[in-house]
Amino acid sequence: MTDETRKLSIVPETVSFADRLAASQQFQALFHEGMALVEETAAYLDGNGRSESKRLERPASLAYATESMRLTTRLMQLASWLLLQRAVNEGEMSPDQASTDKNRVRLDRLSSANSGNSFDALPLRLQDLILRSVRLQERVQHLDAMLYPVEEKPEEPVQAENPVAQQIDRIFAAFGKAG
C-alpha cells in the first residue's frame with residue numbers, strides 16, 4: 001500500500017449522533033415509555049377516567065372532553081412517529097421512506113392546556129397523563145429535529161420593480177404598442 005493509498009483510506013467517516021441515538025438503548029427506552037403511556041392512557045380513559053369525568057361540573061367536564069381528545073391525538077401521533085423510527089432501526093423501512101411518511105405525523109401542533117383554572121379542575125390522573133405526554137412530545141420533537149433537519153431553501157433573488165420600465169410599459173400600452 002502506498003502512502004497516497006493510505007491517506008485515502010484513512011479519511012474519517014462522519015458519524016451521525018442522531019442516527020446512533022435513534023438506534024440506541026435510549027431510543028428503545030423512549031419507544032417503550034411512549035407505548036406504555038399510550039396503553040396507560042387508554043386504560044384510564046376507558047376506566048377510572050370515565051367515572052371521574054361524570055362527577056365533574058359542566059365547565060370541567062367540557063375541559064375534560066377537550067383535553068382527553070387532545071391527549072389521545074398527541075399520543076397517537078407520537079406512537080406513529082415512534083413506530084416509523086423503529087421500522088427504520090430494524091431495516092423495515094429506509095430513512096427516506098420514513099422521512100416521507102413522517103410528514104403526515106404532526107408533532108408540532110399538539111398543544112394542551114397545562115395550567116390555569118380549567119387544567120386545575122381536571123382529575124389529577126388526567127393532569128399527570130397530559131404533562132407526561134407533553135414531556136414525551138418534547139423529547140420526540142428534539143430527536144426528530146436531529147434526525148430529519150429541515151432543509152432551508154435558498155432564497156430566490158427578488159426582482160426589484162423598475163419604475164422607469166413600468167412607465168415605459170404604460171406608455172406603450174396606452175398607444176397600443178408592445179414593449
Side-chain angles (χ1 to χ4, degrees), residues 14-153:
T14 304
V15 176
S16 167
F17 172 74
D19 290 338
R20 290 182 68 91
L21 177 63
S24 70
Q25 289 295 334
Q26 287 87 357
F27 174 78
Q28 290 302 317
L30 181 68
F31 180 84
H32 291 298
E33 178 185 342
M35 293 304 153
L37 187 56
V38 168
E39 290 178 22
E40 183 181 347
T41 300
Y44 169 76
L45 293 175
D46 285 340
N48 292 342
R50 196 171 290 206
S51 59
E52 288 177 353
S53 71
K54 291 178 183 176
R55 288 179 267 168
L56 297 172
E57 292 184 20
R58 180 110 175 110
S61 179
L62 291 172
Y64 180 96
T66 301
E67 292 305 324
S68 64
M69 285 191 308
R70 287 179 179 164
L71 173 61
T72 303
T73 301
R74 178 182 311 105
L75 289 174
M76 289 302 101
Q77 294 294 313
L78 292 170
S80 296
W81 189 94
L82 290 166
L83 288 167
L84 275 172
Q85 190 55 48
R86 185 179 74 170
V88 171
N89 293 349
E90 294 179 357
E92 297 171 5
M93 181 180 280
S94 75
D96 289 338
Q97 288 173 308
S99 181
T100 300
D101 287 352
K102 82 148 202 88
N103 287 332
R104 291 183 232 149
V105 176
R106 297 287 169 216
L107 297 174
D108 56 343
R109 298 184 184 150
L110 307 173
S111 64
S112 206
N114 54 16
S115 64
N117 292 338
S118 62
F119 183 79
D120 293 340
L122 296 173
L124 292 177
R125 185 79 178 111
L126 183 61
Q127 289 179 28
D128 175 62
L129 291 168
I130 290 168
L131 293 174
R132 287 170 48 206
S133 72
V134 168
R135 282 192 300 272
L136 178 67
Q137 175 185 350
E138 290 167 354
R139 290 165 52 207
V140 167
Q141 284 175 314
H142 182 69
L143 183 56
D144 182 72
M146 290 189 316
L147 287 170
Y148 307 100
V150 177
E151 295 177 20
E152 292 187 30
K153 297 177 183 174

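Side-chain atoms are counted along with the backbone in the values below, which use heavy atoms only and exclude waters and symmetry mates.
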Task: Single hit among M35, Q141, R139, Q137 for side chain to side chain contact (heavy atoms under 4.5 Å, CB included) with L78 - done: Q137
Between [atom1] on residue [X] and [atom2] on residue [Y], distance to nearest 0.5 Å:
| X | Y | atom1 | atom2 | value |
| --- | --- | --- | --- | --- |
| F27 | L82 | CZ | CG | 5.5 Å |
| L129 | L136 | CG | CG | 12.0 Å |
| L126 | I130 | CG | CD1 | 4.0 Å |
| E33 | L37 | CD | CG | 7.0 Å |
| M93 | Q85 | CE | CD | 10.0 Å |
| D120 | Q127 | CG | CD | 6.0 Å |

Task: Residue list, side-chain contact (heavy atoms from CB on, under 4.5 Å) with V38, at least two apart or on another chain - done: L75, M76, A79
Task: By side-chain contact (heavy atoms from CB on, under 4.5 Å) - contacts of E92 (at least two apart) - done: A87, E90
- [ ] Could you check Q77 against W81 for side chain to side chain contact (heavy atoms under 4.5 Å, CB included), going step by step and ending with a plain yes or no?
- [x] CA-CA 6 Å; Q77 294 294 313; W81 189 94; over 6 Å; no
Minimum heavy-atom distance between [X] and [Y], given as atom pair plus value:
| X | Y | value |
| --- | --- | --- |
| L45 | S68 | CD2-CB, 3.8 Å |
| A63 | L122 | C-CD2, 3.7 Å |
| R70 | E67 | NH1-OE2, 2.9 Å |
| F119 | L131 | CZ-CG, 4.0 Å |
| S133 | L71 | OG-CD1, 3.3 Å |

Does a side-chain heavy-atom distance below 4.5 Å link [X] with [Y]?
| X | Y | answer |
| --- | --- | --- |
| L147 | V88 | no |
| L84 | Q97 | no |
| P123 | L56 | yes |

Open item on the list: Test side-chain hydrogen bond (donor to acceptor under 3.5 Å, both in side chains) on Y64 and E52; report intermediate values, then the result.
Closed with: CA-CA 10 Å; Y64 180 96; E52 288 177 353; 5.9 Å; no
Open item on the list: If the condition is salt bridge (charged side-chain N to carboxylate O under 4.0 Å, His left out), which residues does D46 pass it with, not counting sequence neighbours?
Closed with: R50
Open item on the list: Salt bridge check, R135 against E138: does any charged N sit closer than 4.0 Å to a carboxylate O?
Closed with: no
